[in-house]
Engineer: 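Can you keep this structure in mind? I'll have questions shortly.
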Amino acid sequence: MISYHHETKIFKLDTQTTTYMMGIADNKYLGHIYYGKKLEYQDLSYMLRTQEHPFVPSKLSREKLSFLDSFPMEYPFSGTGDFRESCIDIRDKNGQSGLELLYAGHRIYDGKDKLQGLPAVWGEGCQTLEIALEDVCVGVRVLLSYSVFEDSDALMRSVKVENIGTDAVYLERALSACLEMDDEDFEIISLSGAWARERHIKRQPLLSGSFVTESVRGESSHQDHPFLAAVSQNCTQTCGDVYAMHFVYSGNFLAKAQRTQFGSLRMALGIHPDRFCWKLRAGETFQAPEAVLVYSDAGLGKMSRTLHDLYRNHLIRSSYKDKERPVLINNWEATYFDFHTEKLIEIAKQSAALGIEMLVMDDGWFGHRENDDSSLGDWIVNEEKLPGGLKYLVDEVNKLGMKFGIWFEPEMISPDSKLYEKHPDWAFHLKGRMPSRARDQLVLDLSRPEVVDYIYDSISNILHSANIEYVKWDMNRALADIGSDALAPDRQGELSHRYMLAVYELQERLITEFPDLLLENCSSGGARFDPGMLYYSPQIWCSDDTDAIERLMIQEGTQLLYPMSAIGAHVSDCPNHTVGRVTPFETRGITALAGTFGYELDITKISEQERNMVPGQIAAYKKYAPLIREGNYYRIASYRENHKYDCYEIVSKDRSQAAVFFVQVMHEPSVKSRKIKLQGLSEHAVYEVDGRQYTGAALMYAGLLRERMYGDFQAEVIEVHQVSDRTE
Ligand code: GLA
């Protein structure tokens, strides 16, 4: 999969259908040669254009600066002549910054080393190339890692920086990956949004200057997403070129695409350099997180499926990874903070009778929390609300045959809490300044080991006190006023990353001590829906917006990158609590099939008619769950684009069955039936749909017709079964 060709000094990495090539120019500069469709080895070093003006420095030293500013750097450094976006910046003992990172060796090995303290892709059937670049003047070595798997088309990159000098230096920027692309009219795809409107797909041309998508909020965020793709103008779901980068990290990030003066495109991704500064003493190393790269020659659909398979097979680790997730009911939208044991048991009783398998008790069970203005940090059960404590409640729920799950927001502290009374300095704060509250809460200083231990022990004690089988780990505010009394002044720039490392450490400890726990991450809905979190929790709450129509767009953006088994999707009550829209219960059920299914409503209060539909919805979830968990995803139509209807399809890996999820958002009078072209089937196989037989080719190229349904917000699931594998 990985080879080095001495004569030409070319590195070649192959995945199933792609090739990535780098070369060494002038015996020292590592340059990017090619990323695209799989190629046999050939000397493509001419792509480095070292035979053209301004030539390599050994031939034309008077134009070295022009060389540095035009060469397709594999890992660009700054301060010495490359004026484009750089990946690394180091302030040395002289207070100066400027690097020249030159090739110093490489090794190719089977497997893939762990990234210390960080989430990363893992698994068998893998090879890694590690290239060392050095700057002897500053005294740093940079190790670039590239890993490829036998069963995947993705390429994983990460970077480790080592201080090989004798003095401390300050790492002010350490991005994880860069891609140099030639003069083509790429468009940029990113995901952006806001609370309750996360991950909407955005596409735009980039004619000049830069496109930036980023977060400096201490989380991957509602607003932007650590993902960036450059696509050819003709790119659709099924054709065209896609170059995608996705970051396996949950904190601040920068993803930038820059058009250079030569018309080429440089894309870079990594930890956001804003307020980042990591002190590296002699001998110390810094590990930057992993970036996943995908090239697709067959449009966005192929990119999605590559990422879905990679994350399902090589990122998620939970014992629930390949298992059906329990159908849950969460009491948040049912009761908010106003609940007690009897109320929860009543919800559980009615839920159990309908086939719901787990009750999740959301926010408000601890301290004296009656609304969102107190008690975070005091993880002690409120026995006034829950007389008999947690054990009694959980036992009662278990007696009904249901599992029990609980909500925590471990990273936070309320100023109105016993914890804050005792340890006001445990909240992040800038010296002499009162930190800004958000939702009346402050953020714990997780760079302090005693804080991490306190949180861990609090959670672990609660989990040991009763049979709790699920945790919803929430995080409800962005990070600001990031200062710590416990770190030296020249290390304050390390805090945001140290915070993320501590969150990862906490979750690692949790799933190690409780390996069968089902962990679901959440952050005011979906503000921390990212590959980093998937390493710890097999599912993530997608959005606080449970409206069946807004969810079409949120879920489409999420499905672009994530397998559906990771997407928390629930049926909630109407009018919807966020947008006030009223949609049919059936449609809410079908929209929520796009993930881990559950309910977010007061089952004791919905109408008899709706209650009667619950067992049917659960049966549908169970029927499609294996397909949704393991199958291939195809996007057929996007409501976001056409403003009328939405449609996607899941096909089993062996192509023998499929389910098509169709939502007619707007009824259009006097329009004939709608044509839906399926994808991913076997051309010559015969399939049955609605009692009629079609060849796969007919379903894919001619399509199916769907009768117009009466009314807005109507939905259906179309089942496709193979009846024979060949046409007679
Ligand atoms: C966040 C979550 C919700 C709920 C509340 C509780 O907003 O996204 O699902 O848990 O917090 O305060």
Side-chain angles (χ1 to χ4, degrees), residues 193-199 217-223 250 328-339 343-344 347 358-379 382 385 404-414 416-417 437-444 459 462 468 470-479 503 518-530 533 537 539-547 550-551 554-555 558 566-573 576-579 588 592 595-602:
W195 172 75
R197 185 163 42 78
E198 296 92 335
R199 292 176 296 287
R217 294 166 188 271
E219 55 183 352
S220 43
S221 90
H222 295 105
Q223 290 76 10
S250 315
L328 67 83
I329 184 158
N330 178 303
N331 75 310
W332 178 240
E333 288 195 21
T335 65
Y336 293 102
F337 295 97
D338 186 17
F339 62 86
K343 174 73 198 166
L344 294 177
I347 291 178
M358 179 161 74
L359 174 75
V360 176
M361 178 174 67
D362 211 279
D363 193 357
W365 55 267
F366 51 92
H368 58 279
R369 190 157 165 99
E370 296 300 340
N371 49 43
D372 61 11
D373 64 10
S374 82
S375 304
L376 293 170
D378 297 345
W379 300 108
N382 178 346
K385 271 185 169 174
F404 185 88
I406 199 167
W407 177 98
F408 282 99
E409 195 180 352
E411 301 154 58
M412 299 293 151
I413 180 167
S414 302
D416 177 6
S417 67
R437 299 181 190 193
R439 214 191 187 207
D440 223 343
Q441 64 201 49
L442 301 175
V443 184
L444 281 168
I459 302 174
I462 293 286
I468 298 171
Y470 162 105
V471 163
K472 177 175 172 187
W473 180 302
D474 209 343
M475 192 278 194
N476 279 321
R477 61 156 290 176
L479 272 55
V503 171
L518 176 55
L519 182 63
E520 176 155 356
N521 268 289
C522 170
S523 178
S524 294
R528 221 163 48 182
F529 202 122
D530 55 62
M533 283 294 151
S537 67
Q539 60 196 55
I540 306 175
W541 184 226
C542 184
S543 174
D544 276 346
D545 197 323
T546 48
D547 167 57
E550 171 58 39
R551 271 278 178 145
I554 298 173
Q555 290 176 182
T558 311
I567 301 175
H570 298 167
V571 178
S572 65
D573 205 3
N576 179 267
H577 291 198
T578 308
V579 301
R588 279 177 263 158
T596 62
F597 192 75
Y599 291 86
E600 191 95 8
L601 42 71
D602 189 343

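Because the structure is predicted, anything quoted here is derived from the model rather than measured. Atoms within a ligand are numbered from 1 in the order they appear, just like the ligands themselves.
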Engineer: Tell me, please, which residues at least two apart from D547 pass salt bridge (charged side-chain N to carboxylate O under 4.0 Å, His left out).
Structural biologist: R581

Engineer: Can you list the residues that meet the side chain to side chain donor-acceptor pair (under 3.5 Å) rule with S250, with sequence neighbours excluded?
Structural biologist: Y504, D530

Engineer: Go through the side-chain N and O atoms of Q441 and N476 and say whether any donor and acceptor fall under 3.5 Å apart.
Structural biologist: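 The answer is no; no qualifying pair exists.
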
Engineer: Side chains of M361 and I406, heavy atoms from C-beta outward: is any pair under 4.5 Å?
Structural biologist: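 They are in side-chain contact.
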
Engineer: Short N or O contacts of ligand 1 with protein, under 3.5 Å, listed by atom name?
Structural biologist:
unit_1   : atom_1 : unit_2 : atom_2 : d
ligand 1 : 7 (O)  : D544   : OD2    : 3.0
ligand 1 : 8 (O)  : G525   : N      : 2.8
ligand 1 : 8 (O)  : D544   : OD1    : 2.6
ligand 1 : 8 (O)  : D544   : OD2    : 3.1
ligand 1 : 9 (O)  : K472   : NZ     : 2.7
ligand 1 : 9 (O)  : D544   : OD1    : 3.3
ligand 1 : 10 (O) : D362   : OD1    : 2.6
ligand 1 : 10 (O) : D362   : OD2    : 3.3
ligand 1 : 10 (O) : W407   : NE1    : 3.1
ligand 1 : 10 (O) : K472   : NZ     : 3.0
ligand 1 : 10 (O) : D474   : OD2    : 3.3
ligand 1 : 11 (O) : D474   : OD2    : 2.9
ligand 1 : 11 (O) : N476   : ND2    : 3.1
ligand 1 : 12 (O) : D363   : OD2    : 2.6
ligand 1 : 12 (O) : R439   : NH1    : 2.9
ligand 1 : 12 (O) : R439   : NH2    : 2.9

Engineer: Checking F597 now: which residues fulfil ring-ring contact (aromatic ring centres under 6.0 Å, His included) with it, not counting sequence neighbours?
Structural biologist: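 Counting only residues at least two positions away or on another chain, F597 forms a ring-ring contact (aromatic ring centres under 6.0 Å, His included) with Y599, Y621.
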
Engineer: Hey, do the aromatic rings of F339 and W332 have their centres closer than 6.0 Å?
Structural biologist: no

